[in-house]
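Here is the structure we will look at.
Only a predicted model underlies this, so the values are computations on that prediction, with no experimental measurement involved.
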Amino acid sequence: QVQLVESGGGLVQAGGSLNISCVFSERALGRYTMAWFRQAPGKEREFVAAFRWNGGPTYYADSVKGRFTVSREKDKSTGYLLMNSLKSEDTAVYYCAAGLATADFLRMYKSSRPYDHWGQGTQVTVSS
């Protein structure tokens, strides 16, 4: 059974940094894409970043571009979201998600549709 487990959330002051991770149980990573989403209280879930495990660029939401960076360690099946210059509006539950890579990825990566597997989420709270 495919599983995703996030960790690393917490409380941080505005302007600070946090690095959250997502361990993917799948070993045949080349077939998959991975993404980060977040959901703030009372708001809809929104796209943060996405990438293909077999290479290529990482795509970011405009609201985090230049502040957040995705990295990955294939030998550990782990993806990371390094969040710098955090703002109070970044407060949310952050989820990682994964799905099989398809030809529609570039058209759909910002939506939840390409991702069949989701982690439990990790809370990130930014105090102002």
Determine which pairs satisfy salt bridge (Lys or Arg N to Asp or Glu O under 4.0 Å) with at least one residue from [range], sequence neighbours left out, and list them in order.
range: residues 77-102; answer: R38-D90, R67-D90
range: residues 13-28; answer: E26-R31
range: residues 93-104; answer: D104-R107

Atom pair [atom1] ([X]) and [atom2] ([Y]), whose distance is rounded to the nearest 0.5 Å:
X: S111; Y: F47; atom1: OG; atom2: CZ; result: 9.5 Å
X: Q13; Y: S88; atom1: CD; atom2: OG; result: 12.5 Å
X: N19; Y: L82; atom1: CG; atom2: CG; result: 5.0 Å

Minimum heavy-atom distance Y115-A50, with the two atoms named:
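Closest pair (atom of Y115, atom of A50, distance): OH-CB, 3.6 Å.
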Self-check item: Heavy-atom closest pair, residues S21 and T78
Solution: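 Shortest heavy-atom separation between S21 and T78 comes out as CB-CG2, 4.1 Å.
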- Query: Under 3.5 Å, side chain of T33 to main-chain N/O of G99, donor-acceptor pair present?
  - Reply: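 Pair found, side chain donor or acceptor close to backbone of G99.
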Whether the side chain of Q39 engages the backbone of K43 through a donor-acceptor N/O pair (distance < 3.5 Å, no angle test) should be reported.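 Between the backbone of K43 and the side chain of Q39 there is a qualifying donor-acceptor contact (under 3.5 Å).
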query = Counting only heavy atoms not in K76, do more than 12 fall under 6.0 Å of its NZ?
reply =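 Atom NZ in K76 is not crowded, with 12 or fewer foreign heavy atoms closer than 6.0 Å.
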What disulfide (SG to SG under 2.5 Å) pairs are there with at least one residue in [range], not counting sequence neighbours?
range: residues 13-96; value: C22-C96
range: residues 51-94; value: none
range: residues 38-69; value: none

Looking at residues at least two apart in the chain, or sitting in another chain, which of them share a side chain to side chain donor-acceptor pair (under 3.5 Å) with [X]?
X: T91; result: none
X: Q123; result: T125
X: K65; result: D62
X: N84; result: S17

Which residues end up grouped with I20 if you chain together Ile, Leu, Val, Met, Phe, Trp and Tyr wherever their side-chain heavy atoms are less than 4.5 Å apart?
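Its cluster partners, ordered by chain and number, are V2, L4, V12, L18, F24, L29, Y32, M34, W36, V48, F51, W53, Y60, V64, F68, V70, L81, M83, L86, Y94, L100, V124, V126.
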- Message: Is the distance between the ring centroids of Y59 and Y109 under 6.0 Å?
- Response: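 Close enough - the centres of the two rings lie under 6.0 Å apart.
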(request) Report the residues that fulfil side chain to side chain contact (heavy atoms under 4.5 Å, CB included) with Q120, sequence neighbours left out, ordered by chain and then residue number. (result)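 With sequence neighbours excluded, Q120 shows a side chain to side chain contact (heavy atoms under 4.5 Å, CB included) to V5, E6, given in chain and number order.
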- Query: Can you list the steps and then say if R72 with S77 is a side chain to side chain donor-acceptor pair (under 3.5 Å)?
  - Reply: CA-CA 8 Å; R72 65 202 90 165; S77 296; over 6 Å; no
Exercise. Determine whether R52 and F105 make a side-chain contact, defined as any pair of heavy atoms from C-beta on separated by less than 4.5 Å.
Key: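 Yes. Closest side-chain heavy atoms under 4.5 Å.
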| query | Can you tell if the side chain of W118 reaches within under 4.5 Å of the side chain of R45, non-hydrogen atoms only? | reply |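 Yes, their side chains come closer than 4.5 Å.
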